[in-house]
Colleague: 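Supplied in structure tokens, the structure appears directly below.
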Amino acid sequence: MKGPIPRFHRYSDFLEADERSALLECVFKHRSGFKSTTLGSGVVDPMRRVSERLVDLGPTGDVLSGKMRELGADLFEKTGTSPFEVEYYELEIVAHGDGAHFAAHSDIPIGEGRKPLGGDRTQTQDRLLSAVYYFHREPKGFSGGQLRLHRFGSDNVPGDYVDIEPLQNSLVIFPSWTTHEVLKVHCPSRAFEDYRFAINCWLCRTLAR
């Protein structure tokens with residue numbers, strides 16, 4: 001039986017203009033630090049995921065986590081999530097160039113016997129909320145790259161999912177167990193400056209035992 005599409009919310013105009021400019025400057029400055037993203041097993045699999053990531057956000061990480069901290073209870077209300085104390089904000093910058101994508105997945109394992117994933121890497125924390133902040137250079141140099149959120153029991157047919165555009169300076173938040181994917185990106189220039197950029201953030205707490 002199919003269930004509902006999990007609740008999500010988009011926050012527009014998330015960062016101030018100077019904060020977003022500093023973020024882009026940071027990304028361009030650290031181009032050499034971006035490495036091919038891997039799956040949870042540490043393997044690069046272009047059939048499932050193509051992108052590059054940078055895990056050291058510097059001061060930008062504090063800015064982004066601080067903004068989400070200010071939202072407080074609204075994050076839980078908008079996603080229908082039981083409130084919890086966020087113990088760790090796990091962050092990474094991801095760059096999607098021409099042909100980049102990420103096949104359907106969830107950000108945490110689901111089912112009995114599952115082990116925690118992410119957090120501070122002590123293997124004691126759970127990701128409970130997932131957030132994606134979108135930003136790019138103007139004028140926009142790519143198309144595609146929508147975030148697709150699936151309903152429970154989805155057959156990946158129209159009506160079983162919702163596609164969310166990666167709009168400039170917006171933050172989209174949803175429960176971490178949601179099945180989701182990144183649709184293929186088209187970037188004709190193939191220039192790094194024209195990529196689709198995003199900051200993935202997971203709000204984590206200690207695993208309940």
Colleague: Do you know the tightest heavy-atom contact between Ser36 and Val44?
Modeller: CB-CG2, 4.4 Å
Colleague: Walk me through whether Ile199 and Glu92 qualify under side-chain contact (heavy atoms from CB on, under 4.5 Å).
Modeller: CA-CA 6 Å; Ile199 296 181; Glu92 66 178 9; over 6 Å; no
Colleague: Is there a continuous path of hydrophobic side-chain contacts, each under 4.5 Å between heavy atoms, that joins Val94 to Val50?
Modeller: no
Colleague: Not counting sequence neighbours, which residues clear ring-ring contact (aromatic ring centres under 6.0 Å, His included) with Tyr11? List them please.
Modeller: His9
Colleague: Name all residues meeting the salt bridge (charged side-chain N to carboxylate O under 4.0 Å, His left out) criterion together with Arg31; count only those two or more places apart in sequence or in a different chain, and write none if there are none.
Modeller: Glu52
Colleague: Any side-chain heavy atom of Leu147 within less than 4.5 Å of one from Val172?
Modeller: yes
Colleague: Pro4 versus Phe152: any side-chain heavy-atom pair under 4.5 Å?
Modeller: yes
Colleague: When rounded to the nearest 0.5 angstrom, what distance separates CG in Leu171 from CG in Leu71?
Modeller: 7.5 Å
Colleague: Please name all residues satisfying salt bridge (charged side-chain N to carboxylate O under 4.0 Å, His left out) with Arg190, sequence neighbours left out, ordered by chain then number.
Modeller: Asp98
Colleague: State which residues pass salt bridge (charged side-chain N to carboxylate O under 4.0 Å, His left out) with Asp74; sequence neighbours excluded, sorted by chain then number.
Modeller: Lys78
Colleague: Following the transitive rule for hydrophobic clusters with a side-chain heavy-atom cut-off under 4.5 Å over Ile, Leu, Val, Met, Phe, Trp and Tyr, establish whether Val63 and Leu203 coincide in one cluster.
Modeller: yes
Colleague: Quick one: are Ser82 and Phe76 in side-chain contact, heavy atoms under 4.5 Å?
Modeller: no
Colleague: To the nearest 0.5 Å, what is the distance between CG (Leu75) and CD (Glu70)?
Modeller: 11.0 Å
Colleague: Do Arg205 and Leu128 come within less than 4.5 Å of each other through their side chains, counting heavy atoms only?
Modeller: yes
Colleague: Linking I/L/V/M/F/W/Y whenever their side-chain heavy atoms sit closer than 4.5 Å, directly or via other members, would Leu91 and Tyr195 fall into one cluster?
Modeller: yes
Colleague: Can you name the closest pair of heavy atoms from Met68 and Cys201 and give their distance?
Modeller: CE-SG, 2.9 Å
Colleague: Going by heavy atoms in the side chains, are Glu87 and Cys204 under 4.5 Å from each other?
Modeller: no
Colleague: First locate atom OG1 of Thr38, then atom CZ of Arg53, and finally report the distance between them rounded to the nearest 0.5 Å.
Modeller: 6.0 Å
Colleague: Kindly indicate whether the side chain of Val132, heavy atoms from C-beta on, has any atom under 4.5 Å from the side chain of Phe174.
Modeller: yes
Colleague: Let me see the working for Leu64 and Phe14 under side-chain contact (heavy atoms from CB on, under 4.5 Å), right down to the final yes or no.
Modeller: CA-CA 9 Å; Leu64 197 75; Phe14 193 67; 3.6 Å; yes
Colleague: Can you tell me if CD on Glu193 sees more than 12 non-hydrogen neighbours from other groups inside 6.0 Å?
Modeller: yes
Colleague: For a 4.5 angstrom cut-off between non-hydrogen side-chain atoms, does Gln146 reach Ile164?
Modeller: no
Colleague: Between Ser51 and Thr37, is any side-chain donor less than 3.5 angstrom from a side-chain acceptor?
Modeller: yes
Colleague: Please answer: with hydrophobic residues joined when any side-chain heavy atoms are less than 4.5 Å apart, are Leu15 and Ile93 in the same cluster?
Modeller: yes
Colleague: Taking side chain to side chain contact (heavy atoms under 4.5 Å, CB included) as the definition, give me every residue that meets it alongside Thr79, ordered by chain and number, with sequence neighbours left out.
Modeller: Thr81, Leu129, Ile173, Pro175
Colleague: So Glu90 and Arg127, do their side chains get closer than 4.5 Å, heavy atoms only?
Modeller: yes
Colleague: Which distance, rounded to the nearest 0.5 Å, do you find between the CD of Glu19 and the CG of Leu23?
Modeller: 9.5 Å
Colleague: Treat each ILVMFWY residue as a node, draw an edge where side-chain heavy atoms are under 4.5 Å apart, and state whether Leu39 and Trp177 are in one component.
Modeller: no
Colleague: With sequence neighbours left out, write down each residue that passes side chain to side chain contact (heavy atoms under 4.5 Å, CB included) with Asp18, or none if nothing qualifies.
Modeller: Glu16
Colleague: Decide side-chain contact (heavy atoms from CB on, under 4.5 Å) for Asn156 and Arg148; before the verdict, give the C-alpha distance in whole Å, the side-chain angles of both, and the deciding distance to 0.1 Å.
Modeller: CA-CA 10 Å; Asn156 201 23; Arg148 176 169 289 182; 3.4 Å; yes
Colleague: I'd like a table of donor-acceptor pairs (distance under 3.5 Å, sequence neighbours excluded) in which one partner is a side-chain atom from residues 99-109, with atom names and distances.
Modeller:
unit_1, atom_1, unit_2, atom_2, d
His101, NE2, Pro46, O, 3.0
His105, ND1, Ala103, O, 2.8
His105, ND1, His180, O, 3.2
His105, NE2, His180, NE2, 3.2
Ser106, OG, Ile108, O, 2.9
Asp107, OD1, His180, NE2, 3.3
Asp107, OD2, Ser130, OG, 2.7
Asp107, OD2, Trp202, NE1, 2.9

Colleague: For Asp13, what residues pass the side chain to side chain contact (heavy atoms under 4.5 Å, CB included) criterion, not counting sequence neighbours?
Modeller: Asn169
Colleague: Please tabulate, one pair per line, all N/O donor-acceptor pairs under 3.5 Å involving side-chain atoms of residues 134-143, not counting sequence neighbours.
Modeller:
unit_1, atom_1, unit_2, atom_2, d
Arg137, NH2, Asp194, OD1, 2.8
Glu138, OE2, Gln168, NE2, 3.0

Colleague: Could you go through residues 54-62 and list every donor-acceptor pair under 3.5 Å that involves a side-chain atom there, pairing it with any protein atom two or more places apart or in another chain?
Modeller:
unit_1, atom_1, unit_2, atom_2, d
Asp56, OD1, Gly58, N, 3.2

Colleague: With sequence neighbours excluded, tell me which residues meet side chain to side chain contact (heavy atoms under 4.5 Å, CB included) with Leu167.
Modeller: Arg10, Glu165, Ser170
Colleague: Check Lys2 against Asp160 and note the closest heavy-atom contact, atom names and distance.
Modeller: NZ-OD2, 2.9 Å
Colleague: Among pairs that include at least one residue of residues 31-60, which meet ring-ring contact (aromatic ring centres under 6.0 Å, His included), considering only residues two or more places apart or in two chains?
Modeller: Phe34-Phe192
Colleague: Walk me through it: do Arg49 and Val182 pass the test side-chain contact (heavy atoms from CB on, under 4.5 Å)?
Modeller: CA-CA 9 Å; Arg49 188 177 191 184; Val182 177; over 6 Å; no
